[in-house]
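The basis for the numbers below is simple: all heavy atoms, side chains too, and nothing from hydrogens, waters or symmetry mates. For clarity, every value in this text was computed on a predicted model and none was experimentally measured.
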Amino acid sequence: MVYVPTTPAEAPTIPVWTLTEELRVNRLNTSAFIAADPLSLTLQVRGSSRTPSGAYSRERQSERPPQTFKLIMQSPAGGSIEQRTEDGTERQVDYILLGEWDAEIEVSDYWDDEAGQRWEVVALVPRNGYETRAVVEAHGKDLTGG
């Protein structure tokens with residue numbers, strides 16, 4: 001049974017979880033949510049290198065250790081931005097990549113899936129201590145996932 005205070009004077013008597021307990025529960029919930037539909041990835045790390053002409057090139061430099069995430073579609077009803085290209089139509093769809101609180105991920109990390117689609121981290125949601133969230137874009141002809 002949960003007690004709900006009826007006056008401000010009663011409010012201080014309610015037991016309050018410590019931040020540590022709340023964090024532990026939130027981390028467990030995040031782990032369970034990811035485990036329900038996991039996606040194992042080895043993210044590729046990009047870095048800038050200077051070309052002989054003085055410009056900068058973004059190239060793969062290394063890879064992060066394998067990690068498990070959950071991919072969550074954010075585009076309404078699976079909607080996408082379409083762009084006509086020389087060889088057809090390319091679509092872009094936005095997703096959230098949800099990881100454990102200590103996931104290693106940075107903007108411009110990416111991975112390519114079996115269908116040849118490129119998935120790129122375009123932003124990080126500020127960390128809250130119990131999960132890591134990144135905004136990712138998928139680019140390709142026949143996008144699936146999430």
Item to check | Non-hydrogen atoms of V107 and A123 that approach each other most closely | outcome: CG2-CA, 3.9 Å

Item to check | Which residues share a side chain to side chain donor-acceptor pair (under 3.5 Å) with S53, sequence neighbours left out | outcome: T51

Checklist entry - For E131, what residues pass the side chain to side chain donor-acceptor pair (under 3.5 Å) criterion, not counting sequence neighbours? => result N128, R133

Item to check | Path from L71 to L124 over hydrophobic side-chain contacts below 4.5 Å | outcome: yes

Item to check | No-hydrogen, no-angle side-chain donor-acceptor test under 3.5 Å, W119 and D112 | outcome: no

Item to check | Cationic N near anionic O, under 4.0 Å, D109 to R46 | outcome: no

Checklist entry - Members other than L23 in its cluster, when Ile, Leu, Val, Met, Phe, Trp, Tyr link by side-chain heavy atoms under 4.5 Å? => result Y130

Checklist outcome for this item: Sorted by chain and number, sequence neighbours left out, side chain to side chain donor-acceptor pair (under 3.5 Å) with T132 holds for R127

Next on the checklist: Going by the rule side chain to side chain donor-acceptor pair (under 3.5 Å), which residues pair with R24 if we only count those two or more places apart in sequence or in a different chain?
Outcome noted: none

Next on the checklist: Does Q67 form a side-chain contact (heavy atoms from CB on, under 4.5 Å) with L43? I'd like the steps, not just the answer.
Outcome noted: CA-CA 8 Å; Q67 301 174 84; L43 295 169; 4.2 Å; yes

Checklist entry - Where is the tightest heavy-atom contact between G99 and F69, given as atom of each residue plus distance? => result CA-CD2, 3.5 Å

Checklist entry - Which atom names give the shortest non-hydrogen contact between Y95 and Q74, and what distance separates them? => result C-CG, 3.8 Å

Checklist entry - For the side chain of R27 and the backbone of G129, is there at least one donor-acceptor N/O pair under 3.5 Å apart? => result yes

Item to check | Closest non-hydrogen atom pair, L98 against I34 | outcome: O-CD1, 3.8 Å

Next on the checklist: Show every salt bridge (Lys or Arg N to Asp or Glu O under 4.0 Å) that has at least one partner inside residues 96-105, sequence neighbours left out.
Outcome noted: none

Item to check | Nearest heavy-atom neighbours spanning Q44 and T42 | outcome: NE2-O, 3.2 Å

